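Worksheet: the structure to be examined is printed underneath.
From a predicted model like this one, the values you see are computed outputs, not experimental measurements.
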Amino acid sequence: MDYRRTYVRDLLSLKPGAKTAAFGWVKTRRDSKGISFVQLSDGSGQKDLQVVIPEGSIPDTISSQLTTGACVRFDGEIVESPAAGQPVELRADGCEVYGPADPAAYPLQKKGASWEFLREIAHLRPRGNTFGAVFRLRNAAAFAIHEFFQSRGFLYVQTPIITASDAEGAGALFAVSTLLEAHGQGYKLQSPDPAQDFFGKPAYLTVSGQLEAECLALALTNVYTFGPTFRAENSNSSRHLAEFWMIEPEMAFCDLEGNMNLAEEFVREVIGKLLERCGPDLDFFNLRIEPELLATLRHVVESPFERLPYTEAIKMLEASGEAFEYSVHWGCDLQSEHERWLTEKKVGRPVILTDYPKEIKAFYMRANDDGKTVRAMDVLAPRIGEIVGGSQREERLDKIEARITEMGLPMEAYGWYLDLRRFGSAPHSGFGLGFERLMMYVTGMKNIRDVIPFYRTPGSAEF
Ligand code: 4AD
Ligand code: MG
C-alpha cells in the first residue's frame with residue numbers, strides 16, 4: 001500500500017474499462033435483488049463513489065461486514081453508471097475489510113443527527129457530508145490566505161504561543177505554569193510565587209501575535225501570522241472559542257486607510273478563490289445549510305464594503321426604531337445584534353466601522369486629534385458580526401506611554417514594545433481576522449464549534 005492511491009474524487013473521472021482500487025469508508029449500503037450498492041467516501045471530494053457488488057462476486061462473510069462506517073478497499077472496474085447523479089461507478093470483483101464498524105454500536109448512523117449530538121462525537125463527525133465539506137473548505141481557505149499574502153510580498157512569520165504580555169490588555173488569559181502539579185484527581189500548587197515558576201514570571205497562552213508581529217514589521221515591512229490564539233472569555237456564544245486561529249498582517253508605512261484597503265481586498269479575494277475552487281462543497285452548503293449563501297458570497301466579491309465612522313453608526317442605530325436587547329449610546333461597545341442590524345438591515349453587505357471611542361478599544365491604537373476616538377477598524381459581516389478587528393498603531397512614544405498609564409496597565413511588561421517607538425518608529429497598521437468566523441461566513445454554519453475540527457469552549461476540552 002502506498003499513499004499514491006487514486007482518490008475517490010479522481011476515480012469519478014476515469015474512463016469506463018479502467019481497472020482500479022477504491023479505498024474509503026462506507027457511507028451507506030443498500031441491497032436490491034441480490035445486488036449490493038455501497039456509497040464509498042474517502043473525504044477527497046463532495047461526491048461519493050457508488051460501488052456495485054454483483055451477486056456472488058464477494059464472499060458473504062465479507063459482504064456482511066459492509067455496513068456504514070466500515071473501512072474497506074474494493075477492487076474492480078470502472079463502468080458507466082445507469083443511475084442519475086454520477087457518470088461512472090465501480091463494479092467490484094474483490095473487497096478487503098480493514099476495519100468493520102458494528103452497526104449496533106457505530107454512532108454515526110442516522111441522517112439528521114443534531115449538531116449537539118455530532119459535537120459529542122467530534123472524533124467521528126469528519127466522516128459525515130457536512131464536516132467533510134467544512135474541513136475541505138477550511139483547507140482551501142488556509143491555502144488561499146497564504147497565497148494572498150505571498151503574492152503581495154508579505155513574509156509569513158511565527159510568533160510565540162507562550163508569552164508574558166497581555167497583547168490586548170483585556171485580561172482574558174490562560175496561565176502557563178509548572179507550579180501546578182497533578183495530584184490525585186486534582187492539582188497541588190507548588191508555590192504561589194511566580195519567581196519560582198518555569199519562566200521566572202507569570203506566563204500565558206497568547207491572545208494575539210500582534211505585538212511580536214509589530215517587531216517584525218518594523219524590520220521586514222510587511223508580515224503576517226497565521227496561528228492559534230487563546231482567550232479565557234467565559235462566553236458560551238455561538239461565535240466564541242477559547243482556542244481559535246487568527247491571521248494577523250502587520251504593515252509598516254501604512255495608515256488606517258491602507259489597512260482597510262488590505263482587509264477588504266483580503267476578504268474579497270479569499271472568498272473569490274473559494275468560489276472558483278470549491279464549487280461542489282459551496283453548492284452543498286447552499287442547498288443544505290444556508291439558502292442565500294452563494295448569492296451572498298458572490299455579492300461580497302463584487303461590491304465594495306461600506307465604510308462608516310463609529311459615531312455615524314451610533315446615530316443610525318439610535319434612529320433605527322429597533323427594540324435592541326442592549327441599548328445604544330455613544331461610547332457603548334457594539335453587541336452582535338447591533339452589528340447585524342447595521343450589516344444585514346441597514347447596509348446589506350460588509351461594513352467597516354472606524355474611529356471607535358478609546359475607552360472600548362485596546363491601548364495600542366493610534367489616538368485621533370479629537371482626544372476621544374482611536375484609529376480602530378472592525379469589519380462586520382452579515383450573519384456573523386465582527387470578523388476582523390484592527391487599527392493603525394500608536395507609533396508616538398509619549399502618547400502610548402500616557403495611554404498605558406491611563407489604563408493602569410503594567411508599563412514594565414511592555415518595555416520591549418515601547419522600544420519600537422524609541423528606536424526607528426514608523427507609522428504602521430494591522431488587523432486580525434478570526435479564521436473560524438470567516439469559515440462560518442463562507443459555509444453558512446451557525447455555530448463556531450462546527451467549523452473547527454475539535455472545539456475548545458468553557459467546559460469542553462475533549463478529544
Ligand atoms: O478584535 P480582536 O480581539 O483583535 C486582536 O486580537 C488584534 N490584536 C488583531 C490585530 O490587530 N492584529 O480579534 C481579532 C478577530 C476578531 O475580529 C474575531 O474575528 C476573532 O479575532 N476573534 C475570535 N474568534 C473566535 N473566538 C473568539 N473568542 C474570538 N475573539 C476574537
Ligand atoms: Mg475586536
Side-chain angles (χ1 to χ4, degrees), residues 134-135 137-150 154-163 165-174 176 204-217 222-233 235 237-251 259-260 262-267 269-271 336 339 350 352 361-362 364-365 376-381 384-391 393 417 428-443 445 448-449 451-457:
V134 168
F135 301 137
L137 264 172
R138 218 182 133 100
N139 168 66
F143 186 63
I145 286 166
H146 281 293
E147 264 182 323
F148 175 87
F149 289 115
Q150 293 294 327
F154 283 61
L155 302 189
Y156 172 37
V157 297
Q158 294 77 30
T159 50
I161 287 172
I162 300 175
T163 167
S165 56
D166 179 356
E168 291 300 297
L173 302 163
F174 285 105
V176 176
Y204 311 96
L205 295 178
T206 186
V207 294
S208 159
Q210 177 195 322
L211 305 193
E212 291 87 355
E214 283 186 53
C215 304
L216 292 151
N222 284 344
V223 301
Y224 70 104
T225 70
F226 188 164
T229 313
F230 307 87
R231 303 218 175 155
E233 295 164 296
S235 156
S237 87
S238 58
R239 310 183 311 138
H240 288 87
L241 291 167
E243 175 178 309
F244 62 100
W245 287 67
M246 185 151 57
I247 298 100
E248 296 184 275
E250 192 68 34
M251 298 147 289
N259 204 19
M260 287 193 280
L262 184 83
E264 181 170 340
E265 269 177 56
F266 177 46
V267 172
E269 188 171 310
V270 168
I271 292 178
S336 97
E339 298 175 341
I352 312 184
K361 288 294 180 188
Y364 51 69
M365 297 191 181
M377 60 153 220
D378 279 7
V379 179
L380 314 179
I384 311 296
E386 180 189 338
I387 189 163
V388 167
S391 66
R393 317 306 187 190
Y417 185 68
H428 63 290
S429 300
F431 64 80
L433 170 107
F435 190 45
E436 286 74 21
R437 298 262 176 101
L438 177 73
M439 293 320 296
M440 288 175 75
Y441 194 55
V442 299
T443 58
M445 298 293 284
I448 199 163
R449 292 167 178 78
V451 294
I452 187 166
F454 301 99
Y455 62 92
R456 300 286 175 262
T457 50

When you measure from the side chain of N259 to the backbone N and O of G430, does any donor-acceptor pair fall under 3.5 Å?
->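 Looks like yes, one N/O pair under 3.5 Å.
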Would a distance-only check, ignoring hydrogens and angles, find a side-chain to backbone donor-acceptor pair under 3.5 Å from R449 to Y455?
->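 The answer is no, because no donor-acceptor pair under 3.5 Å joins these two groups.
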When you look at CZ of F174, are more than 12 heavy atoms from neighbouring residues, nucleotides or ligands closer to it than 6.0 Å?
-> yes
All salt bridge (charged side-chain N to carboxylate O under 4.0 Å, His left out) counterparts of E233, not counting sequence neighbours |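 Expected list: none.
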By salt bridge (charged side-chain N to carboxylate O under 4.0 Å, His left out), D378 pairs with (sequence neighbours left out) K361
Is there side-chain contact between [X] and [Y], with at least one heavy-atom pair below 4.5 Å?
X	Y	value
L173	V207	yes
H240	I448	no
L137	M439	yes
N222	P249	no
F435	F226	yes
L155	L216	no

Straight-line distance of Y156 OH to Q150 CD, nearest 0.5 Å | 9.5 Å
To the nearest 0.5 Å, how far apart are CE in M377 and CD in E264?
->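 That separation rounds to 10.0 Å.
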So which of L211, T206, T229, T225 actually passes side-chain contact (heavy atoms from CB on, under 4.5 Å) with T159?
-> T225
Between E212, E214, Q210, which is the residue that forms a side-chain contact (heavy atoms from CB on, under 4.5 Å) with E248?
->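 Output: one option passes, namely Q210.
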Pair Y204 and F230, ring centroids less than 6.0 Å apart |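 No, the ring centres sit 6.0 Å or more apart.
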Heavy-atom closest pair, residues [X] and [Y]:
X	Y	answer
F244	R231	CE2-CG, 3.7 Å
I387	A381	CG2-CB, 4.2 Å
E339	G385	OE1-CA, 3.5 Å
S391	Y364	OG-CE1, 3.7 Å
T163	S165	OG1-N, 3.0 Å
I452	E243	CD1-O, 3.9 Å

How are the rings of F149 and Y224 set relative to one another: parallel (under 30°), tilted (30 to 60°) or perpendicular (over 60°)?
->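 Aromatic pair F149/Y224 classed parallel.
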What do the steps show when you test L262 against F154 for side-chain contact (heavy atoms from CB on, under 4.5 Å), and what is the final call?
-> CA-CA 12 Å; L262 184 83; F154 283 61; 4.0 Å; yes
Any salt bridge (Lys or Arg N to Asp or Glu O under 4.0 Å) pairs touching residues 428-443, not counting sequence neighbours?
-> R138-E436
Lys/Arg N to Asp/Glu carboxylate O, E250 vs R393, below 4.0 Å |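 Yes, charged N to carboxylate O under 4.0 Å.
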Test side-chain contact (heavy atoms from CB on, under 4.5 Å) on L380 and V388 and set out the steps.
-> CA-CA 7 Å; L380 314 179; V388 167; over 6 Å; no
Given R456 and L241, is the side-chain contact (heavy atoms from CB on, under 4.5 Å) satisfied, shown in steps?
-> CA-CA 6 Å; R456 300 286 175 262; L241 291 167; 5.9 Å; no
V442 vs I271, side-chain contact (heavy atoms from CB on, under 4.5 Å): CA-CA, chis, key distance, verdict | CA-CA 7 Å; V442 299; I271 292 178; 3.9 Å; yes
